[in-house]
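Below, chains carry the letters A, B, ... as their sequence lines are ordered, and counting in each starts from 1.
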Amino acid sequence: MRAKVQVFLKPGVLDVQGKAVEHALHGLGWGDVADVRVGRTIEFDLKSADATAAEAEVKAMCEKLLANTVIEGYRVEVA
Amino acid sequence: MRAKVQVFLKPGVLDVQGKAVEHALHGLGWGDVADVRVGRTIEFDLKSADATAAEAEVKAMCEKLLANTVIEGYRVEVA
Amino acid sequence: MKAAVVVFPGSNCDRDCKVAIERSTGAHVDMVWHGDSALPQGVDLVVLPGGFSYGDYLRCGAMAALSPVMSDVKAAAERGVAVVGICNGFQILCEAGLLPGALLRNERLKYVCKSVDLAVANAQTRFTAGYAGRREVRMTVGNGEGNFFADDATLDRLEGEGQVAFRYLDNPNGSARDIAGVVNARGNVLGLMPHPDRAFEAELGSADGALLFQSALASA
Amino acid sequence: MSAQPAKTLAETAAEYGLKPEEFDLIIQRLNREPNAVELGVFSVMWSEHCSYKSSRKHLGKFPTSGPRVIQGPGENAGVVDIGDGQACIFKMESHNHPSYIEPYQGAATGVGGIMRDVFTMGARPVALLNALRFGDPSHPKTKRLVAGVVAGIGGYGNCVGVPTVAGETNFHRGYDGNILVNAMCVGLADADKIFYSAAPSAGLPVVYFGSKTGRDGIHGATMASAEFDDASDEKRPTVQVGDPFAEKLLIEATLELMASGAVAAIQDMGAAGLTSSSVEMAGKGGVGIELDLDQVPQREAGMSAYEMMLSESQERMLAILKPGREADGQRIFQKWGLDAATIGFTTDTGHIVLKHKGEIVCDLPLAPLSDDAPLYDRPWVAPTLQPRLSPSEVPAPADYGQAILTLLGSPDMASKRWLWEQYDRHVMADTLEDSATGADAGIVRVHGTRKALAVTSDCTPRYVQNDPYEGGKQAVAEAWRNLTAVGADPIAITDNLNFGNPERPEIMGQIVRAIEGMAEACRALDFPVVSGNVSLYNETNGAAIPPTPTVGAVGLIADYARRADFASLKAGDALVLLGETRGELGASLYLRELLGREDGAPPPVDLAGERRAGDLVRSLIVSGQVTVVHDLSDGGLISAAADLALASDVGVSLLLPDGLPAHAALFGEDQGRYVLAAAQPDAILRAAAAAGVPATVIGEASGASLRANGMFDIPLPELRRAWEHWMPAYMG
Ligand SMILES: Nc1ncnc2c1ncn2[C@@H]1O[C@H](COP(=O)(O)OP(=O)(O)O)[C@@H](O)[C@H]1O
Ligand SMILES: [Mg+2]
């Protein structure tokens with residue numbers, strides 16, 4: 001199975017990259033771009049027959065390693 | 001509309017972050033995790049009534065700024 | 001002799017470069033704001049300094065490569081003017097397509113600041129002529145994304161055409177084939193991760209960097 | 001989170017950290033109840049952090065003036081005269097708690113905050129230092145904290161482009177639940193262009209510039225209060241995120257604004273953000289201030305007045321401009337891409353008035369907020385002291401060679417290369433000595449001159465633990481010694497007093513005695529305190545950290561060609577030990593690392609002897625007679641000898657003195673000592689005799705091993721492996 005994790009800053013946490021990218025896109029003429037958020041994606045294979053179990057597993061990886069839950073949230077997809 | 005861009009290193013480029021994450025996950029006991037890839041997600045709002053036009057626009061942003069096509073590929077979703 | 005140092009928001013070696021060029025060559029150095037549309041008339045050397053242009057957010061050098069002044073830097077390069085990108089400046093030159101390849105995250109994923117010994121891989125370039133007869137030079141590096149990457153065909157070509165200017169004797173960041181600095185095919189654009197601007201007088205631990213600026217201006 | 005029952009004002013006050021009697025005092029001072037915003041303003045201004053209410057009485061004991069002091073404690077940073085119309089501005093500050101919660105951002109914003117304190121006074125930052133204390137390496141959290149803190153310090157300082165040139169790093173289980181991250185910044189300015197925070201008069205525009213204000217850093221407890229229940233069902237993060245890129249732009253814009261002549265007063269927004277900056281600027285100037293919060297650049301929608309006033313969003317400044325100069329500001333802020341707005345003006349009311357959405361949400365007299373905060377004379381008990389240990393009470397090692405390797409490879413002693421290679425130590429191209437080079441202090445040139453600044457940070461918590469007074473003296477003396485050892489004239493110090501809960505008399509006793517010891521040493525060494533920071537309540541479940549009064553110090557080198565290091569020892573040089581050795585093994589590293597004991601009185605500091613030895617060493621360096629010097633500290637003579645050998649890559653042969661057990665001579669941590677090297681030691685011995693400083697030849701540089709009297713003989717590669725191995729192996 002392929003797991004796909006998206007990690008992004010929690011709402012309210014300053015997204016310095018998003019801010020800079022937004023500024024740059026405006027400068028290049030895309031002035032209507034707004035609310036840019038930059039996040040991280042982690043994709044990987046894992047051996048598991050059962051999607052529900054795999055999802056729980058991947059969530060445990062997020063809590064333990066993949067996300068910094070003090071400031072970041074995450075979304076998990078397994079397929 | 002909300003655009004979602006995913007940027008990944010191309011297959012031939014060593015993904016050192018992916019390697020490090022894989023190594024760390026193995027160390028934490030998730031030994032069956034394989035082929036970890038770490039990428040970047042950029043999400044933003046843009047004013048556009050037409051999804052096809054918006055997608056073309058976002059692809060232009062990728063070519064110009066959001067991805068370095070020497071080493072990276074990208075996927076675009078607009079909704 | 002006239003040199004220009006481009007200042008991007010987040011550049012932090014701009015003054016270092018100016019001082020290094022002045023002390024090692026006596027040339028006049030203009031500071032050029034990234035938002036300007038043109039370089040000063042008649043420059044013989046353009047330097048893109050180290051630092052964290054635009055915070056290195058998104059990708060190192062990506063946003064700086066799109067700065068207004070960069071179109072004139074490209075035009076100058078096409079005219080054959082000497083252009084040097086140091087550290088972040090090297091990243092900007094790659095992002096701007098003025099040099100081949102890209103700089104990835106360091107192999108060990110950490111910023112690394114240390115003194116490095118370099119082999120002068122080609123002492124015939126206009127930037128390294130002053131090193132003729134010297135096989136090793138010492139400078140320092142300070143980078144988090146200094147891991148030079150290009151596909152094998154490109155690397156073979158760079159090596160075959162003498163476009164590799166410097167190599168690390170002890171690779172600090174995982175760079176392909178130990179490459180520390182490369183020139184373009186025409187030989188007038190140099191990018192390197194080590195800092196000649198931090199090695200221009202003996203008090204700083206090495207004066208080897210001075211020769212690079214001297215060579216670049218001597219050939220102008 | 002569902003709607004909660006309305007809280008009484010007194011309950012809210014308690015949540016904001018105010019004691020019931022402090023809440024009563026506010027009502028008394030105002031003659032009425034404060035509203036919720038006003039209560040928030042009081043709670044931060046009367047917090048320990050802003051008011052120094054527990055420590056102020058004792059901080060007064062520090063000497064704070066001297067011929068070189070331009071500005072002592074009380075401003076954003078201390079200012080000293082370094083001659084030729086130039087000034088050095090510096091300060092140290094803690095970011096302990098945030099770094100424990102989120103090590104990367106906590107440490108990064110600590111670095112950002114201390115830099116703002118320095119450039120807000122008109123200085124360009126030129127050097128950074130950091131003093132770090134982590135828990136036991138075996139504690140499950142330690143490794144992650146080290147990795148995060150170090151990456152955060154580097155991530156911020158490297159990006160801004162200020163070299164991180166020195167620091168110190170300790171590990172002890174006493175910090176398991178409370179790590180310490182103390183950052184120091186040193187800057188340079190023209191002595192006649194120093195900027196202060198006091199608003200000079202009424203009717204001047206108050207300009208905000210930098211990043212937008214978000215809900216960062218507002219105390220978590222306040223989120224539970226009834227007023228904000230409708231805001232969101234999110235648990236609001238209280239972690240501040242640093243943007244070093246914004247800081248870099250802020251430095252350039254601030255210095256440019258100052259150079260334009262537009263600034264009347266200026267202050268960074270540090271702890272308690274807009275509240276403390278506006279209250280302090282108006283309060284110090286004896287004027288009033290009125291702010292329209294609707295004008296504040298905001299990152300998030302729907303922020304309340306309370307949130308805006310308490311936000312600790314980073315990279316923000318508040319300036320009071322001279323009349324008619326707002327256009328200069330606009331031009332500069334636009335050039336650097338910074339948000340900016342005129343958010344109010346100074347008044348003559350002596351009040352702080354805040355307007356939000358057309359209503360007055362706060363109207364408070366300034367005096368009770370700043371000058372009239374509660375002041376506590378907290379009860380304290382004298383610390384219990386430990387007996388002095390004689391060498392005979394401490395077993396000698398069975399195998400000296402093994403003991404030396406163990407000591408050198410112990411966490412506190414081992415090389416910190418893993419850490420400082422992540423710091424840019426060379427940007428600005430003026431670094432002469434840094435963590436990678438063998439010298440007792442970091443050294444940066446004063447740009448464009450022959451002068452240089454020497455900087456160091458020191459504290460030996462195990463000494464302070466066993467005797468706060470002697471430990472306090474020692475921290476100051478070691479800093480003075482480190483500056484002296486490179487040939488610098490010690491000028492002044494900043495301090496960062498890290499302790500547990502001052503409401504406990506035994507902790508208060510540590511604070512009082514450590515301050516008294518530091519003050520005594522400062523007086524004896526003419527080494528005034530010009531700035532500092534106090535961090536209290538560093539405890540978890542009633543267990544306090546080891547008392548850690550960190551000292552950051554600055555010295556001046558008149559001509560950097562005349563200085564000393566310990567990396568240029570040459571074969572054939574004789575080694576001379578200056579100072580007296582009695583073999584003090586109490587609270588030593590040997591005792592802890594080899595015998596698992598932490599008892600005993602720390603080595604006493606004889607301040608008169610310290611001064612004699614130091615003045616002699618400095619004069620020998622300045623006159624060019626000596627260029628190789630190392631002070632003796634942790635691990636005693638053997639560790640100094642190992643440092644010399646490893647840094648210079650030459651063997652050292654020691655001759656141990658008669659009359660003292662070998663382990664006491666090698667591992668004793670007697671204070672006030674230096675090792676000097678010279679081809680001909682006679683001149684040094686004569687000079688020492690004339691100065692009344694004990695001096696003996698204790699060995700020579702030769703061969704390729706560290707050895708003594710046939711007791712041990714360790715090849716340098718083996719010694720180096722022991723020293724370099726621990727940290728990278730630990731961090732993995
Ligand atoms: N956190 C740190 N940051 C930068 N440099 C450090 C840090 N910790 C230790 N160092 C460097 O490692 C070297 C040895 O440190 P230390 O043993 O504390 O020195 P000393 O005992 O001579 O004061 C010094 O150069 C010091 O600056
Ligand atoms: Mg020392």
Side chain / backbone / both / neither for A:D15 at chain D, heavy atoms under 4.5 Å: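 Neither part, no heavy atoms under 4.5 Å.
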
For chain D, find its close neighbours in residues 34-46 of chain A: heavy-atom separation under 4.5 Å, sorted by number, or none.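 Residues qualifying by a heavy atom under 4.5 Å from chain D are absent, so none.
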
Go through D:S313 and D:R299 one step at a time and tell me if the side-chain contact (heavy atoms from CB on, under 4.5 Å) criterion holds. CA-CA 10 Å; D:S313 289; D:R299 196 174 82 225; 3.9 Å; yes

Donor on one side chain, acceptor on other, [X] and [Y], under 3.5 Å:
X      : Y      : result
D:N178 : D:E539 : no
A:Y74  : A:Q6   : no
D:S535 : D:N538 : yes
D:Y208 : D:T213 : yes

Are D:L293 and D:I343 side-chain neighbours, meaning at least one heavy-atom pair lies under 4.5 Å?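 Answer no - side chains too far apart.
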
Below 4.5 Å, heavy-atom pairs only: which of A:L14, A:N68, A:V16 has the largest tally toward chain D? A:L14

If you take the centroid of each ring, where Trp contributes its six-membered ring, are D:F333 and D:F209 closer together than 6.0 Å? yes

